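Taking it in order: structure first as structure tokens, then the write-up.
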Number of protein chains: 2
Amino acid sequence: MVTIADVARHAGVAASTVSYVLSGKRTISTDTRERVQRSVRALGYRPNASARALASQRSNVLALVIPLRTGMHVPVMMQFAAAVVTTARRYDHDVLLLTADEGSDGLERVAQSSLVDALVVMDIELHDERVPVLRELPMPSVLIGYPDDADGLTCIDLDFVAAGAHCVDHLADLGHRSLALLGTPSAVYERQTGFAQRTLTGFAEAAERRGVLGVETPCEHTFDAILHTVRQLLDEHPDITGLVVQNEPIIGPLLDVLRRLGRRVPDDMSLVAICADDVAERQVPQLSSVSIPAERIGAQAVEALITKLEGGEVPALTLQPPSLTARESSCPAPHRDLTTA
Amino acid sequence: MVTIADVARHAGVAASTVSYVLSGKRTISTDTRERVQRSVRALGYRPNASARALASQRSNVLALVIPLRTGMHVPVMMQFAAAVVTTARRYDHDVLLLTADEGSDGLERVAQSSLVDALVVMDIELHDERVPVLRELPMPSVLIGYPDDADGLTCIDLDFVAAGAHCVDHLADLGHRSLALLGTPSAVYERQTGFAQRTLTGFAEAAERRGVLGVETPCEHTFDAILHTVRQLLDEHPDITGLVVQNEPIIGPLLDVLRRLGRRVPDDMSLVAICADDVAERQVPQLSSVSIPAERIGAQAVEALITKLEGGEVPALTLQPPSLTARESSCPAPHRDLTTA
DNA sequence: ATGAAAGCGCTAACAA
DNA sequence: TTGTTAGCGCTTTCAT
């Protein structure tokens with residue numbers, strides 16, 4: 001292994017000079033700088049990460065805590081993770097991957113051992129045991145999602161309340177009077193997961209505001225569950241003509257189920273999904289959808305952390321405004337048959 | 001921050017004694033050990049990771065390199081990643097997440113800076129630029145997948161050749177005489193990705209051996225592409241009655257496409273997929289499938305690394321034997337209509 | 001503009 | 001069974 005001392009010897013300077021050339025924290029004469037840089041290249045020198053971390057009290061590693069639980073939509077999480085890693089690298093940081101099942105102990109472990117400088121925590125529940133821990137940790141963190149009590153924390157998320165409302169408004173604008181929200185599996189609600197809960201809130205509030213019927217139901221992932229859920233929904237509320245879907249894996253089978261139940265999309269039933277754009281575009285018909293800007297949020301989370309690490313200020317809560325793209329799955333409500341009214 | 005010196009003082013022993021109590025590398029009298037352990041708890045001591053790594057030349061961190069490219073099936077990758085993290089934790093290691101787009105430079109960076117002790121690299125291509133780099137790196141690595149020239153490397157993978165053959169045998173045993181392999185997007189083949197390539201080999205060899213027709217075609221992910229690919233396939237080979245599918249995201253739409261084209265599964269067309277069990281079970285009808293044991297392979301990769309780190313020997317190539325589960329999507333071939341023969 | 005030297009917090013060889 | 005001590009390779013203060 002080639003050390004800083006080797007480089008210093010090779011360049012005929014002191015080790016500290018090499019360090020300063022590399023960090024740029026001191027002005028170095030062009031001559032010396034170039035000589036050192038040549039030596040670095042000649043010897044293939046790479047600073048030892050542990051030594052650097054020990055001396056500088058900075059590991060240049062961020063922790064990323066991802067959920068590995070049932071009901072989470074995996075591709076979206078991967079987009080987050082990818083964005084976090086890519087952005088971290090842009091700021092010369094690496095990413096340590098933690099799974100949520102280590103719980104708050106895991107957070108304390110990596111933080112208190114100085115393995116990482118800061119943390120990104122995904123999939124925050126409304127009452128999350130990790131939140132008080134994060135608050136006490138001696139280093140910055142950013143939550144993707146936000147808990148009920150977000151005091152003293154930095155949170156970034158899609159504005160799911162607005163997303164739910166947005167879907168209702170879109171359908172209500174098209175003349176639909178009876179809507180349903182087909183949500184995530186019930187386990188997700190029972191965990192009091194923020195995004196699911198808040199979409200529901202936005203949906204309900206908007207339905208009330210617009211004076212339309214707004215029914216809500218969770219939905220599991222199996223085909224039979226989807227069939228059963230939708231059938232029951234339409235039995236109880238036969239006049240529903242607008243569906244909001246927040247449950248990416250059921251989208252394909254759902255279209256099939258609606259076909260079997262004799263509802264054409266969009267003629268008999270308009271659909272708006274909350275999902276990644278590529279998923280929406282891949283369906284037949286293509287789905288009107290509110291997209292989940294995972295890349296944007298992941299990048300923003302890292303940027304907020306870097307800012308905090310440099311002593312800067314960041315907003316306590318950043319909510320991405322949702323944007324709805326109308327595609328083929330939503331259209332004006334069918335005329336009401338007044339004879340059956 | 002509480003250091004080992006604080007603990008030593010609190011317990012009335014030398015710092016090295018604390019170190020030895022923690023590592024267990026020396027026999028310590030019960031009395032001292034308990035006193036030290038009490039002090040550790042009392043002060044909430046956590047060894048500093050960088051200091052430990054610097055002194056011991058071991059970071060206790062493994063690198064995991066995951067692909068973020070088109071055509072890869074994301075949920076399977078997440079299963080790998082989850083298994084790697086979970087298993088690493090069982091051996092007291094953490095996992096640093098790298099994306100494949102850092103290329104071989106990324107590997108050199110984390111290895112030569114001693115950021116990690118060892119590497120797990122996923123999605124290995126047949127001719128992979130990272131392979132020669134891994135071979136020269138001063139630390140152990142395990143490849144998930146394997147390149148053409150795997151000399152001096154440790155590789156773990158599902159035996160995709162056998163998987164392809166297995167599917168053919170299953171269908172041939174049921175009397176099918178004309179089969180097709182519906183593969184991954186062509187980009188995956190063009191990258192010379194091992195698993196896709198080898199499945200194809202196994203498929204072709206087995207078809208030849210069994211004396212049945214074996215047609216192969218890549219397939220993109222969009223609905224239109226699936227429709228077009230399958231239609232063309234059945235136009236050119238109308239007597240195909242067995243389909244092998246290695247392309248998880250198209251499975252749902254494919255069933256739809258077959259229905260549209262008037263082929264009932266399994267009555268007119270038997271289907272065998274190479275995919276995760278839960279995906280196979282979620283379909284209607286449930287798919288006969290060769291499962292991808294991601295958890296097993298991920299865990300095995302980490303265990304191999306740990307063994308190597310401890311100076312042990314591991315096999316150069318570990319191929320998981322595929323296992324096929326027959327479900328509802330495959331059945332005996334329809335009787336041939338001899339009048340049209 | 002550069003160098004010397006004191007740590008950062010831990011491990012492990014050496015001593016006792 | 002335990003303590004003393006010399007690093008691990010770097011950053012950063014202090015000195016020049």
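None of the values given here were measured: they were computed from a predicted structure. The figures that follow rest on heavy atoms only: side chains count, while hydrogens, waters and symmetry mates do not.
- One atom, CD of A:Q57, and another, C1' of D:dT12, lie 12 Å apart when rounded to the nearest Å.
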Which donor-acceptor pairs under 3.5 Å do the side chains of residues 109-122 of chain B make with protein atoms, sequence neighbours left out?
{"unit_1": "B:R109", "atom_1": "NE", "unit_2": "B:E102", "atom_2": "OE1", "d": "3.4"}
{"unit_1": "B:R109", "atom_1": "NH1", "unit_2": "A:D94", "atom_2": "OD2", "d": "2.7"}
{"unit_1": "B:R109", "atom_1": "NH2", "unit_2": "A:D94", "atom_2": "OD1", "d": "2.9"}
{"unit_1": "B:R109", "atom_1": "NH2", "unit_2": "B:E102", "atom_2": "OE1", "d": "3.4"}
{"unit_1": "B:R109", "atom_1": "NH2", "unit_2": "B:E102", "atom_2": "OE2", "d": "3.2"}
{"unit_1": "B:Q112", "atom_1": "OE1", "unit_2": "A:R46", "atom_2": "NE", "d": "3.2"}
{"unit_1": "B:S113", "atom_1": "OG", "unit_2": "B:R109", "atom_2": "O", "d": "2.8"}
{"unit_1": "B:D117", "atom_1": "OD1", "unit_2": "B:S59", "atom_2": "N", "d": "2.9"}
{"unit_1": "B:D117", "atom_1": "OD1", "unit_2": "B:S59", "atom_2": "OG", "d": "3.2"}
{"unit_1": "B:D117", "atom_1": "OD2", "unit_2": "B:S59", "atom_2": "N", "d": "3.2"}
{"unit_1": "B:D117", "atom_1": "OD2", "unit_2": "B:N60", "atom_2": "N", "d": "2.6"}

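- Here B:S29 lies in heavy-atom contact (under 4.0 Å) with sugar-phosphate atoms only.
- Atom-to-atom, CG of B:L54 to P of C:dG9 comes out at 12 Å; the value is rounded to the nearest Å.
- Contact check, A:K25 against D:dT11: no side-chain N or O comes under 4.0 Å of OP1 or OP2.
- Mapping B:T27 and A:S50 onto DNA chain D by nearest heavy atom places B:T27 closer to the 5' end of the strand.
- Salt-bridge formation is not detected for the pair B:R89/A:D101: no Lys NZ or Arg NE/NH1/NH2 atom is positioned less than 4.0 Å from an Asp or Glu carboxylate oxygen.
- Computed from coordinates, the A:D31 CG to C:dT2 C1' distance equals 12 Å when rounded to whole Å.
- Using a 4.0 Å heavy-atom cutoff across all strands shown, A:S19 reaches at least one base atom of the nucleic acid.
- Spacing between atom CZ of B:R52 and atom C1' of D:dG7 amounts to 18 Å, rounded to whole angstrom units.
- B:S23 comes within 4.0 angstrom of no nucleic acid atom, judged by non-hydrogen atoms across all strands.
- Using modelled atom types, one side-chain atom of B:R58 and one backbone atom of B:L309 make a donor-acceptor pair closer than 3.5 Å.
- Between B:R9 atom CZ and D:dT2 atom P the separation is 20 Å, expressed in whole Å.
- One finds no side-chain N or O of B:S16 lying less than 4.0 angstrom from the OP1 or OP2 phosphate oxygen of D:dG3.
- Picking from C:dC10, D:dC10, D:dG3 the nucleotide with the shortest atom distance to the side chain of A:Y45 gives D:dC10.
- Considering only the side chain of A:M1, D:dG9 comes nearest among C:dA1, D:dG9, D:dT4.
- Nearest-nucleotide mapping onto DNA chain D: of B:A51 and B:T30, the residue sitting toward the 5' end is B:T30.
- Each of C:dA1, C:dG9, D:dC14 was ranked by its minimum atom distance to the side chain of A:R26; first place goes to D:dC14.
- Side chains of A:S39 and A:V18 form no contact here, defined as non-hydrogen atoms less than 4.5 Å apart.
- With contacts defined as side-chain heavy-atom distances shorter than 4.5 Å, the pair B:V188/B:F195 qualifies.
- The side chain of B:A55 has D:dC8 as its nearest neighbour among D:dC8, D:dG9, C:dG3.
- Listed pair A:T17 / C:dT2 fails the phosphate criterion, with no side-chain N or O lying under 4.0 Å from OP1 or OP2.
- In this structure, A:Y20 atom OH and D:dT11 atom P are separated by 10 Å, rounded to whole Å.
- Rounding to whole angstrom units, CD1 of residue B:I4 and P of C:dC10 are separated by 5 Å.
- Going from atom CG of A:L22 over to atom C1' of D:dT12 covers 15 Å, rounded to whole Å.
- Judged by distance alone, with hydrogens and angles left aside, the side-chain atoms of B:R33 form a donor-acceptor pair with the main-chain N or O of B:I28 at under 3.5 Å.
- Looking at heavy-atom distances under 4.0 Å, A:T3 makes contact with sugar-phosphate atoms alone, never a base.
- With distances taken from any side-chain atom of B:N48 to the nucleotides C:dG9, D:dT2, D:dG9, the minimum falls on C:dG9.
- Distance from the side chain of A:A14 is smallest to C:dG3 among C:dC8, C:dA12, C:dG3.
- No donor-acceptor contact under 3.5 Å links the side chain of A:T32 to the base of C:dA1.
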